[in-house]
Amino acid sequence: MAMEEILETASRLGIDLSQVDLDSIRLPPGEDFGIKSDDEDLNEEDRLEFDAGFGNIIVVDNLPVVLKEKFEKLEGVVRKIYGQIGVIKEDGLWMPLDPVTQKTLGYCFIEYNTPQEAELAREKTHNYKLDKSHVFAVNMFDDIEKFLKVPDEWAPPETKPYTPGENLQQWLTDEKARDQFVIRSGSDTEVLWNDARQLKPDPVYKRAVLTWPQFTGRVLLFGVVLLPSTVLCVMLIHSSHEPSNPRDTHRVVLNIFDVRTGKVMRDFKGNADEFVVGGTGGVTGVSWPVFRWGGGKDDKYFARIGKNVISVYETETFTLIDKKSIKVDNVMDFSWSPTDPILALFVPELGGGNQPARVSLVQIPGKEEMRQKNLFSVSDCKMYWQSNGDYLAVKVDRYTKTKKSTYTGFELFRIKERDIPIEVLELENKNDKIIAFAWEPKGHRFAVIHGDSPKPDVSFYSMRTTHHTGRVSKLITLKGKQANALFWSPAGRYIILAGLKGFNGQLEFYNVDELETMGAAEHFSATDIEWDPTGRYVATSVTSVHEMENGFNIWSFNGKLLYRIMKDHFFQFLWRPRPPSFLSPEKEEEVFKNLKKYSKKYEAEDQDVSLLLSEQDREKRRRLKDEWDSWVNNWKKWHEGDRSERQRLRDGEASDEEEEYEAKEVEVEELLDVSEEVLAFEE
C-alpha cells in the first residue's frame with residue numbers, strides 16, 4: 001500500500017494520523033495487511049543450494065580383496081594414489097566390507113571436492129596397474145545410473161548417414177608427385193607445393209600466426225613440441241607468487257597428450273631445475289632433453305633421465321615399467337635405438353679415473369644389459385645411431401698421458417650381429433679435431449669432417465667391404481674442403497658438404513657411390529639445409545639471424561639451382577614428411593631394377609614441360625621486345641613533336657646529327673673579384 005493511499009483512507013475515515021502512536025499498533029500474529037517490514041530479510045533463513053548430483057564421486061573396481069586386518073593398509077595405498085590427484089573429502093573414501101566374511105568387496109567409492117578432480121582421477125587411473133593381478137577399472141558414480149538403464153534386450157542402433165571426413169593424405173596423390181613445405185616469415189605461415197618443373201612454388205594455404213609450425217605428417221600443428229607419431233609433449237613454465245622455496249619460483253608442468261583425442265595421458269611436475277641442464281636439482285651435467293622417445297616405430301616407450309636413474313615408461317598406461325627406475329650411478333646421457341627398444345647409456349669416469357667410463361646397451365622392458373664397453377682417460381663422449389639401428393658409433397675424446405690435450409677415436413658397435421662385436425677406429429692423425437659426423441640413412445657408410453679450419457678434410461668409411469664384411473674400411477679422404485656440416489640425402493648415396501656460418505654457405509654436392517663431385521655452389525650466409533623426403537630436392541635458407549638476403553633456394557639433388565625466393569624476416573623452412581612406404585623391400589628393389597621403364601613416362605612429361613617453359617620464355621622475350629619497340633616508337637613521336645623547340649634553342653640549327661655541328665671557340669672574359677686596399681706611404 002502506497003503512503004498516498006494511507007493518507008486518503010485516513011482522511012475519509014476522519015482519522016488524524018498526527019495524533020496516532022504508530023509504534024503502539026500491534027498486528028494479529030501472522031498478519032501484515034500487505035505491509036512488508038524493512039528488516040523482513042533478516043528474519044528469513046539463508047537458502048543454501050546443495051548439489052544434488054554425484055559428479056564428484058568415482059567408483060574404483062578391481063581392488064584386492066583383503067581381510068579386515070589389512071583394511072587400513074589397503075586404504076592407505078588407495079588414498080596415496082588418489083590423494084595426489086585432488087583433495088579427497090573428509091570421510092570421502094568408503095571401502096565396504098562383506099558382513100559375513102569381513103573381507104573387502106574389491107571396490108571403493110572416493111568423493112572429491114569438485115567434479116573436475118573426480119573426472120581427472122578417472123582419466124589418470126583407469127587401467128592403472130596396481131600389480132600383475134589387479135588393474136583398476138574406474139567409473140564416475142553418475143555413470144552407474146546410466147548403466148542401470150541399459151535395456152535387457154538389444155536393439156539395433158540408429159544408422160546415421162555416412163559423412164566422409166577430410167582425407168589428410170590426399171596430397172600424396174598429386175599427379176605431379178610434388179612435395180609440400182611450410183615456411184614462416186614475418187607474421188605469416190604458408191604451405192606451398194614444390195613445383196620444380198615450373199621453377200616456382202605453388203601456394204596451398206596461408207594464415208597469420210605467431211607460433212612455430214610443426215608437421216606431424218598429416219596435421220600441421222602450431223606452438224607445440226612433437227614427440228612420436230600420435231603423441232605430443234607440451235611444457236609449461238609458470239611463476240609462483242610467493243614460493244616457500246626460492247627454487248620453486250619457476251614451476252614446470254610437462255603434459256603428454258594423445259594427438260587424436262586431445263587428452264592428457266600423463267603429466268610431470270617439478271621445479272625448473274629438474275628439467276634443465278646444469279640445475280641445482282641434482283641433474284647437473286645431464287643432457288637435454290631429459291625426456292626422450294624410443295622403442296622403435298610402435299612408440300612403446302619413453303624415458304626420463306634423472307640423478308643416478310633412468311625412468312622408462314610404457315605408453316599403453318603411461319606408467320613406470322615394473323614400477324622401478326633403472327639405477328645407474330652418475331649416468332650422464334642416454335640414447336634410444338631408432339628401431340628397437342634398446343637404450344645406450346653413458347657413465348663418465350669416477351674417482352679420478354679409478355673407475356673407468358662406460359657405455360652400456362640395455363634391453364627394454366627386461367632391463368638386461370646386452371653389452372658394455374669400459375673406456376679409459378675419457379674427456380667426453382657422444383653417441384650416434386644409424387637410422388636402421390644396425391650400428392652405433394660412440395665418439396670418444398680421450399686425454400693424452402700429460403692430460404694437457406685430447407685426441408679422438410670411435411667405438412663402433414654392430415648391434416644386429418651376434419654378441420654385438422665392437423671395433424675401434426682411429427684417424428690417421430689422431431690429433432685431428434672432429435668437426436662433424438653423420439651416418440648414411442639406411443646404409444652402412446658414414447662421413448667424418450676432421451682437421452683444422454678453414455679447410456678440414458672429409459673422410460668416408462664403410463662398415464662392410466667385399467672381402468671383409470665385418471671390418472670397417474676407409475673409402476676416400478677429400479682434402480681441404482670448406483665444410484663444417486654434413487647433410488645426407490634421406491635416400492642415401494648423395495651428400496652435401498656444407499660450409500655454414502663462417503664459411504658463408506659453401507655447398508658441394510657429392511656422389512658417394514661414384515666418389516665424385518656432382519656440383520659446387522654457394523648460398524651466401526646460408527643458415528639451414530633441408531632435404532625433401534624423397535631425396536630429389538634440397539632447400540637452403542637464410543633465416544632472420546642475418547639481416548640481409550633472407551629467404552630460401554631450392555636445388556636439385558646434383559646441385560642445380562631451380563629457383564630462389566626472397567622473404568623479409570624469414571624464420572623457418574620445413575618439408576612435409578611422407579609416411580613410410582607400403583612397398584616391401586623386395587618390391588622396392590624391383591622398382592629400382594626397372595627404373596628405366598618407369599622413367600620413360602616421366603621423361604616424356606619433363607620434355608613436354610621443358611617445351612612449354614621454352615615457349616613461355618620465347619613468349620616472354622617477344623612481349624618484352626614488343627614493349628621496347630612500343631616505347632621507342634612513342635619516344636620518336638615525342639622527339640619529332642619537339643623539333644621546332646630544339647631548333648629555337650639551337651639558334652635556328654635544324655639538324656639533330658652531331659657530325660653536322662661546327663665547333664667554335666669563344667673567349668669570354670669574366671670579372672671574378674674586385675678588392676681595394678689603401679697603402680700608407682711615409683714621407
Side-chain angles (χ1 to χ4, degrees), residues 217 226-231 233 256 287 289-305 309-322 324-328 331-347 358-373 381-395 410-423 437-446 462-464 469-470 472 488 490-492 533 577-586 588:
L226 186 70
L227 290 182
S229 57
T230 58
V231 179
C233 178
I256 299 179
S287 300
V290 294
F291 286 89
R292 301 179 195 178
W293 208 267
K297 297 179 181 179
D298 296 331
D299 301 330
K300 287 185 177 180
Y301 308 102
F302 67 97
R304 173 185 181 181
I305 188 172
V309 294
I310 300 287
S311 302
V312 183
Y313 302 83
E314 51 85 19
T315 57
E316 184 176 351
T317 62
F318 284 83
T319 56
L320 193 65
I321 291 180
D322 296 334
K324 293 181 181 180
S325 297
I326 304 173
K327 293 185 178 181
V328 186
V331 61
M332 180 177 288
D333 196 9
F334 77 99
S335 179
W336 284 99
S337 163
T339 55
D340 302 296
I342 299 174
L343 277 175
L345 312 178
F346 169 63
V347 178
R358 73 178 189 274
V359 173
S360 299
L361 298 178
V362 179
Q363 180 78 44
I364 301 297
K367 303 178 183 178
E368 301 94 356
E369 187 174 69
M370 303 167 60
R371 191 73 159 88
Q372 176 180 312
K373 179 65 182 289
C381 183
K382 189 171 179 61
M383 296 174 284
Y384 303 89
W385 282 96
Q386 184 256 9
S387 62
N388 284 348
D390 293 336
Y391 312 107
L392 171 66
V394 180
K395 181 176 76 72
F410 292 92
E411 305 284 335
L412 303 173
F413 292 69
R414 296 179 180 271
I415 305 297
K416 301 296 177 70
E417 297 182 20
R418 184 178 178 179
D419 297 330
I420 311 180
I422 303 172
E423 290 182 75
F437 176 97
W439 284 103
E440 177 185 26
K442 303 177 183 178
H444 56 89
R445 296 174 291 199
F446 60 89
S462 173
M463 292 295 287
R464 62 172 183 253
T469 304
V472 63
W488 282 95
R578 286 178 172 264
S581 173
F582 290 110
L583 298 178
S584 64
E586 293 77 19
E588 289 185 355

Do Phe410 and Phe437 have ring centres separated by under 6.0 Å?
yes
Discussion item. I'd like to know whether Lys300 forms a salt bridge (Lys or Arg N to Asp or Glu O under 4.0 Å) with Glu316, so could you lay out the CA-CA distance, the side-chain angles of the two residues, the decisive distance to 0.1 Å, and finally the verdict.
Written reply: CA-CA 7 Å; Lys300 287 185 177 180; Glu316 184 176 351; over 6 Å; no
TODO: Answer yes or no: is there a donor N or O on one side and an acceptor on the other, between the side chain of Thr339 and the main chain of Asn388, under 3.5 Å?
DONE: yes
Residues passing the side chain to side chain contact (heavy atoms under 4.5 Å, CB included) test with Glu369, sequence neighbours excluded, are Ser360, Gln372
Residues at least two apart in sequence or cross-chain that pass ring-ring contact (aromatic ring centres under 6.0 Å, His included) with Tyr313, listed by chain then number, are Phe268, Phe302
**Message:** Taking the side chain as everything from C-beta on, heavy atoms only, tell me whether Glu440 gets closer than 4.5 Å to Gln386.
**Reply:** no
Non-hydrogen side-chain atoms of Ile310 and Leu345 separated by less than 4.5 Å:
yes
Charged N-O contact under 4.0 Å between Asp333 and Arg292: yes
Problem - pair Pro365-Tyr301: side-chain heavy atoms closer than 4.5 Å - result: yes
The reported gap from OG1 in Thr315 to CH2 in Trp293 (rounded to nearest 0.5 angstrom) is 5.5 Å
Rounded to the nearest 0.5 Å, the CG atom of Leu320 sits from the CZ atom of Arg304 at a distance of 10.5 Å
Residues Leu343 and Phe334: closest non-hydrogen pair is CD2-CD1, 3.4 Å
Of all heavy-atom pairs linking Cys381 and Val359, the shortest is SG-CG2, 4.2 Å
Could you check if a side-chain atom of Met370 sits within less than 4.5 angstrom of a side-chain atom of Ile342, using non-hydrogen atoms only?
yes
OH of Tyr391 to CZ of Arg445, rounded to nearest 0.5 Å, is 11.5 Å
Only residue of Lys416, His444, Lys442 satisfying side chain to side chain donor-acceptor pair (under 3.5 Å) with Asp390 is Lys416
Closest non-hydrogen contact found for Val472 with Glu423 is N-OE1, 3.0 Å
So CZ of Arg358 and CZ of Phe346: to nearest 0.5 Å the spacing works out to 10.5 Å
Taking Lys395 first and then Glu411, would you say they form a salt bridge - that is, a charged N and a carboxylate O separated by under 4.0 Å? no
Side chains of Trp439 and Ser387 only: does a donor on one sit below 3.5 Å from an acceptor on the other? no
* Side chains of Ile326 and Ile364: closer than 4.5 Å at any heavy-atom pair? -> yes
Minimal heavy-atom distance between Val347 and Val331, with the atoms involved, is CG2-CA, 4.1 Å
Are the side chain of Ser462 and the backbone N or O of Arg464 linked by a donor-acceptor pair below 3.5 Å?
yes
Rounding to 0.5 Å, atoms CD1 (Ile415) and CG (Leu361) come to a distance of 5.0 Å
